[in-house]
Amino acid sequence: MAHWLFKTEPGEFSLADLLAAPGRTTCWGGVRNYQARNFLRDRVQLGDPVFLYHSSCAEPGIVGLMKVVRAGYPDPSCLDPESPYYDPRSRPGHIRWQAVDVRLEARVSPPLLLSKLREEPLLQGFQLLRPGNRLSIVPVTPEEWQHLIRLTNLIPP
DNA sequence: GCCAACGTTGGC
DNA sequence: GCCAACGTTGGC
(Lines give C-alpha, C1' and ligand atoms only; values in the text may rest on other atoms or scores of the structure.)
Protein backbone atom coordinates (compact mmCIF):
# COMPACT_ATOMS: atom_id res chain seq x y z
CA MET A 1 0.00 0.00 0.00
CA ALA A 2 1.20 3.47 -0.89
CA HIS A 3 0.16 6.83 0.52
CA TRP A 4 -0.62 9.98 -1.45
CA LEU A 5 -1.55 13.62 -1.35
CA PHE A 6 -3.70 15.04 -4.16
CA LYS A 7 -3.77 18.77 -4.73
CA THR A 8 -6.73 20.75 -5.95
CA GLU A 9 -7.49 24.42 -6.29
CA PRO A 10 -10.70 24.91 -4.31
CA GLY A 11 -11.90 27.34 -6.98
CA GLU A 12 -11.88 24.41 -9.40
CA PHE A 13 -12.83 21.51 -7.14
CA SER A 14 -13.03 21.63 -3.35
CA LEU A 15 -13.75 19.59 -0.26
CA ALA A 16 -17.28 21.03 -0.36
CA ASP A 17 -17.73 19.69 -3.90
CA LEU A 18 -16.59 16.25 -2.78
CA LEU A 19 -18.95 16.33 0.22
CA ALA A 20 -21.79 17.12 -2.17
CA ALA A 21 -20.87 14.40 -4.68
CA PRO A 22 -22.97 11.20 -4.79
CA GLY A 23 -21.45 8.72 -2.36
CA ARG A 24 -18.84 11.39 -1.61
CA THR A 25 -17.02 9.80 -4.54
CA THR A 26 -15.54 11.50 -7.57
CA CYS A 27 -13.43 10.85 -10.62
CA TRP A 28 -10.01 12.43 -10.07
CA GLY A 29 -9.04 13.44 -13.58
CA GLY A 30 -7.68 16.41 -15.45
CA VAL A 31 -4.08 15.64 -14.45
CA ARG A 32 -1.92 16.82 -17.37
CA ASN A 33 1.61 16.14 -16.25
CA TYR A 34 3.49 13.01 -17.27
CA GLN A 35 5.10 12.26 -13.92
CA ALA A 36 1.76 12.58 -12.16
CA ARG A 37 0.12 10.52 -14.92
CA ASN A 38 2.64 7.74 -14.36
CA PHE A 39 1.85 7.70 -10.64
CA LEU A 40 -1.86 7.37 -11.41
CA ARG A 41 -1.21 4.63 -13.95
CA ASP A 42 1.47 2.60 -12.19
CA ARG A 43 1.56 3.30 -8.47
CA VAL A 44 -1.81 4.44 -7.12
CA GLN A 45 -3.68 1.30 -6.08
CA LEU A 46 -7.18 0.42 -5.01
CA GLY A 47 -7.50 1.10 -1.27
CA ASP A 48 -4.59 3.55 -1.04
CA PRO A 49 -5.21 6.39 1.44
CA VAL A 50 -4.94 9.93 0.07
CA PHE A 51 -4.83 13.33 1.70
CA LEU A 52 -6.86 16.06 0.01
CA TYR A 53 -4.95 19.34 -0.23
CA HIS A 54 -6.22 22.81 -1.16
CA SER A 55 -3.67 24.84 -3.11
CA SER A 56 -3.55 28.35 -4.58
CA CYS A 57 -5.92 29.76 -1.98
CA ALA A 58 -5.87 31.93 1.13
CA GLU A 59 -5.06 29.07 3.50
CA PRO A 60 -3.39 26.21 1.63
CA GLY A 61 -3.44 22.94 3.57
CA ILE A 62 -4.76 19.42 4.09
CA VAL A 63 -8.54 19.38 4.40
CA GLY A 64 -9.59 15.77 3.95
CA LEU A 65 -8.77 12.07 3.95
CA MET A 66 -9.80 10.03 0.94
CA LYS A 67 -9.46 6.46 -0.28
CA VAL A 68 -8.86 5.18 -3.80
CA VAL A 69 -11.97 3.24 -4.81
CA ARG A 70 -11.00 2.67 -8.44
CA ALA A 71 -7.43 2.35 -9.72
CA GLY A 72 -6.08 4.03 -12.86
CA TYR A 73 -8.21 4.14 -15.99
CA PRO A 74 -8.29 6.34 -19.10
CA ASP A 75 -9.38 9.88 -18.16
CA PRO A 76 -12.80 10.39 -19.78
CA SER A 77 -12.37 14.18 -19.86
CA CYS A 78 -9.76 13.72 -22.61
CA LEU A 79 -12.51 12.99 -25.13
CA ASP A 80 -15.03 15.59 -23.95
CA PRO A 81 -14.81 18.76 -26.08
CA GLU A 82 -16.87 20.60 -23.46
CA SER A 83 -14.38 19.82 -20.71
CA PRO A 84 -11.63 22.27 -19.79
CA TYR A 85 -9.37 19.21 -19.73
CA TYR A 86 -10.22 18.14 -23.30
CA ASP A 87 -7.15 16.68 -25.00
CA PRO A 88 -7.29 16.99 -28.79
CA ARG A 89 -4.41 14.51 -29.09
CA SER A 90 -6.40 11.71 -27.45
CA ARG A 91 -8.65 9.32 -29.41
CA PRO A 92 -10.95 6.52 -28.26
CA GLY A 93 -8.62 3.64 -27.48
CA HIS A 94 -5.65 6.02 -27.37
CA ILE A 95 -6.30 8.19 -24.33
CA ARG A 96 -3.11 9.79 -23.07
CA TRP A 97 -4.10 10.64 -19.51
CA GLN A 98 -5.24 8.69 -16.47
CA ALA A 99 -7.86 9.13 -13.77
CA VAL A 100 -8.71 7.33 -10.54
CA ASP A 101 -11.85 7.42 -8.38
CA VAL A 102 -11.64 8.58 -4.78
CA ARG A 103 -14.09 8.64 -1.88
CA LEU A 104 -14.00 11.04 1.03
CA GLU A 105 -13.46 9.15 4.30
CA ALA A 106 -13.07 12.00 6.76
CA ARG A 107 -12.64 15.73 7.01
CA VAL A 108 -9.56 17.25 8.59
CA SER A 109 -10.90 19.86 10.97
CA PRO A 110 -9.35 22.27 11.53
CA PRO A 111 -7.39 22.04 8.28
CA LEU A 112 -3.71 21.12 8.64
CA LEU A 113 -2.24 24.26 7.14
CA LEU A 114 0.85 24.46 4.99
CA SER A 115 2.30 26.96 7.47
CA LYS A 116 2.06 24.27 10.20
CA LEU A 117 3.61 21.62 7.97
CA ARG A 118 6.61 23.88 7.39
CA GLU A 119 7.17 24.05 11.16
CA GLU A 120 7.56 20.28 11.46
CA PRO A 121 11.18 19.09 11.65
CA LEU A 122 10.10 15.52 10.86
CA LEU A 123 8.65 16.62 7.52
CA GLN A 124 11.91 18.11 6.22
CA GLY A 125 12.07 15.86 3.16
CA PHE A 126 8.37 15.96 2.32
CA GLN A 127 8.02 16.51 -1.41
CA LEU A 128 5.07 18.87 -0.96
CA LEU A 129 7.32 21.31 0.88
CA ARG A 130 10.10 21.37 -1.67
CA PRO A 131 10.50 24.74 -3.36
CA GLY A 132 9.11 24.73 -6.86
CA ASN A 133 7.18 21.52 -6.30
CA ARG A 134 4.51 21.45 -8.98
CA LEU A 135 3.31 17.85 -8.89
CA SER A 136 -0.40 17.51 -8.21
CA ILE A 137 -0.03 13.84 -7.24
CA VAL A 138 2.46 13.73 -4.37
CA PRO A 139 3.82 10.47 -2.92
CA VAL A 140 3.94 10.33 0.89
CA THR A 141 6.33 7.94 2.67
CA PRO A 142 4.96 5.72 5.47
CA GLU A 143 6.91 7.76 8.03
CA GLU A 144 5.59 11.06 6.68
CA TRP A 145 2.09 9.64 6.62
CA GLN A 146 2.27 8.46 10.21
CA HIS A 147 3.45 11.86 11.30
CA LEU A 148 0.83 13.71 9.27
CA ILE A 149 -1.94 11.54 10.72
CA ARG A 150 -0.80 12.45 14.23
CA LEU A 151 -1.15 16.13 13.33
CA THR A 152 -4.70 15.82 12.01
CA ASN A 153 -8.02 15.90 13.76
CA LEU A 154 -10.33 13.68 11.73
CA ILE A 155 -14.09 14.07 11.85
CA PRO A 156 -16.83 12.24 9.94
CA PRO A 157 -17.65 13.70 6.52
C1' DG B 1 1.00 41.03 -8.93
C1' DC B 2 5.54 39.03 -8.32
C1' DC B 3 8.69 35.54 -8.92
C1' DA B 4 11.09 30.97 -8.41
C1' DA B 5 11.08 26.61 -10.22
C1' DC B 6 10.04 23.85 -12.99
C1' DG B 7 7.82 21.35 -17.63
C1' DT B 8 6.85 21.78 -22.57
C1' DT B 9 7.51 23.27 -27.18
C1' DG B 10 9.78 23.82 -31.35
C1' DG B 11 13.63 25.51 -34.30
C1' DC B 12 17.91 23.95 -35.56
C1' DG C 1 19.58 15.87 -29.07
C1' DC C 2 20.23 20.66 -27.57
C1' DC C 3 18.49 24.66 -25.64
C1' DA C 4 16.08 29.16 -25.63
C1' DA C 5 11.61 30.81 -25.19
C1' DC C 6 7.49 30.30 -23.25
C1' DG C 7 3.78 28.61 -20.16
C1' DT C 8 2.25 26.91 -15.67
C1' DT C 9 2.20 26.23 -10.77
C1' DG C 10 1.68 27.98 -6.44
C1' DG C 11 3.36 30.44 -2.34
C1' DC C 12 3.67 34.92 -0.79
Side-chain angles (χ1 to χ4, degrees), chain A residues 2-21 26-44 48-66 68 71-102 104 106-141 143-154:
Chain A
H3 305 81
W4 305 95
L5 179 145
F6 289 1
K7 290 187 205 171
T8 180
E9 300 185 18
E12 302 292 321
F13 184 86
S14 71
L15 173 67
D17 294 322
L18 185 49
L19 280 163
T26 192
C27 168
W28 200 274
V31 174
R32 298 295 181 262
N33 167 284
Y34 284 105
Q35 196 179 344
R37 189 275 309 267
N38 294 347
F39 280 141
L40 291 178
R41 187 188 58 194
D42 305 331
R43 306 270 302 280
V44 177
D48 280 356
V50 181
F51 279 127
L52 175 64
Y53 178 87
H54 280 173
S55 67
S56 289
C57 56
E59 293 196 316
I62 293 171
V63 296
L65 176 63
M66 311 187 289
V68 177
Y73 62 98
D75 183 350
S77 70
C78 289
L79 300 181
D80 176 8
E82 303 301 310
S83 167
Y85 306 115
Y86 175 64
D87 173 30
R89 294 163 70 182
S90 286
R91 294 287 178 275
H94 299 275
I95 292 179
R96 290 199 305 163
W97 303 106
Q98 292 277 120
V100 299
D101 288 355
V102 286
L104 186 72
R107 285 184 282 163
V108 173
S109 183
L112 180 50
L113 298 181
L114 177 61
S115 53
K116 282 292 173 193
L117 298 180
R118 291 201 189 282
E119 292 172 5
E120 290 296 322
L122 292 177
L123 294 174
Q124 282 302 311
F126 190 22
Q127 192 164 346
L128 179 76
L129 306 180
R130 275 196 8 226
N133 166 51
R134 299 171 53 194
L135 268 187
S136 62
I137 307 293
V138 183
V140 182
T141 69
E143 294 76 19
E144 288 162 353
W145 185 271
Q146 201 176 7
H147 193 58
L148 287 167
I149 283 287
R150 274 198 296 265
L151 296 171
T152 60
N153 184 50
L154 297 175

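Quick note on labels: first sequence line is chain A, next is B, and so on, each numbered from 1. Basis for what follows: all heavy atoms, side chains included, without hydrogens, waters or symmetry-related copies. Worth saying up front: this structure is predicted, and the values here are computed from it rather than measured.
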Response to the item:
To the nearest angstrom, the CD-C1' distance between Gln127(A) and dG11(C) comes to 17 Å
Item to complete: Specify the separation, in whole Å, of atom CG of Leu135(A) and atom P of dG10(C).
Response: 9 Å
Practice prompt. Send over the distance from Arg118(A) CZ to dG10(C) P, rounded to a whole Å.
Written response: 12 Å
Discussion item. Quick one, Glu12(A) and Ser55(A) - any side-chain contact, counting heavy atoms below 4.5 Å?
Written reply: no
Item to complete: Step through the shown structure and confirm whether more than 12 heavy atoms of other residues, nucleotides or ligands are within 6.0 Å of CZ on Arg43(A).
Response: no
Practice prompt. Taking the side chain as every heavy atom from C-beta outward, state whether Ile149(A) and Gln146(A) have any atom pair closer than 4.5 Å.
Written response: no
Worksheet item: Base, sugar-phosphate alone, or nothing: which one does Arg89(A) contact when heavy atoms must sit under 4.0 Å apart?
Response: sugar-phosphate
Worksheet item: Can you name the one residue among Trp145(A), Phe51(A), Tyr53(A), Phe39(A) that meets ring-ring contact (aromatic ring centres under 6.0 Å, His included) with Trp4(A)?
Response: Phe39(A)
Worksheet entry | Ser83(A): side chain to side chain contact (heavy atoms under 4.5 Å, CB included) partners, not counting sequence neighbours | Ser77(A), Asp80(A), Tyr85(A)
Practice prompt. Would you please name every residue forming a side-chain hydrogen bond (donor to acceptor under 3.5 Å, both in side chains) with Trp28(A), sequence neighbours left out?
Written response: none
Worksheet item: Roughly how many Å is it from CG in Leu128(A) to P in dT9(C), rounded to a whole number?
Response: 16 Å
Worksheet item: Between atom CD in Glu12(A) and atom P in dT9(C), what is the gap in whole Å?
Response: 9 Å
Worksheet item: Is the count of non-hydrogen atoms from other residues, nucleotides or ligands lying under 6.0 Å from Glu59(A) atom CD greater than 12?
Response: no
Pull out every protein N or O sitting under 3.5 Å from an N or O of nucleotides 5-8 of chain C, one pair per line with the distance.
from: dG7(C); atom 1: N2; to: Arg134(A); atom 2: NH1; distance (Å): 3.1
from: dG7(C); atom 1: N2; to: Arg134(A); atom 2: NH2; distance (Å): 3.4
from: dT8(C); atom 1: O2; to: Arg134(A); atom 2: NH2; distance (Å): 3.0

Discussion item. Using whole Å, what does the distance between atom C1' of nucleotide dT9(C) and atom CZ of Phe6(A) come to?
Written reply: 18 Å
Practice prompt. May I ask you to verify if any side-chain N or O of Tyr53(A) is less than 4.0 angstrom from the OP1 or OP2 atom of dG11(C)?
Written response: yes
Discussion item. In this structure, how many angstroms lie between the C1' atom of dG10(C) and the CG atom of Leu114(A), rounded?
Written reply: 10 Å
Worksheet entry | Atom-to-atom span, CZ of Arg32(A) to P of dT9(C) - whole angstrom | 12 Å
Discussion item. Using OP1 and OP2 only, check whether a side-chain N or O of Lys7(A) sits under 4.0 Å from dG10(C).
Written reply: yes
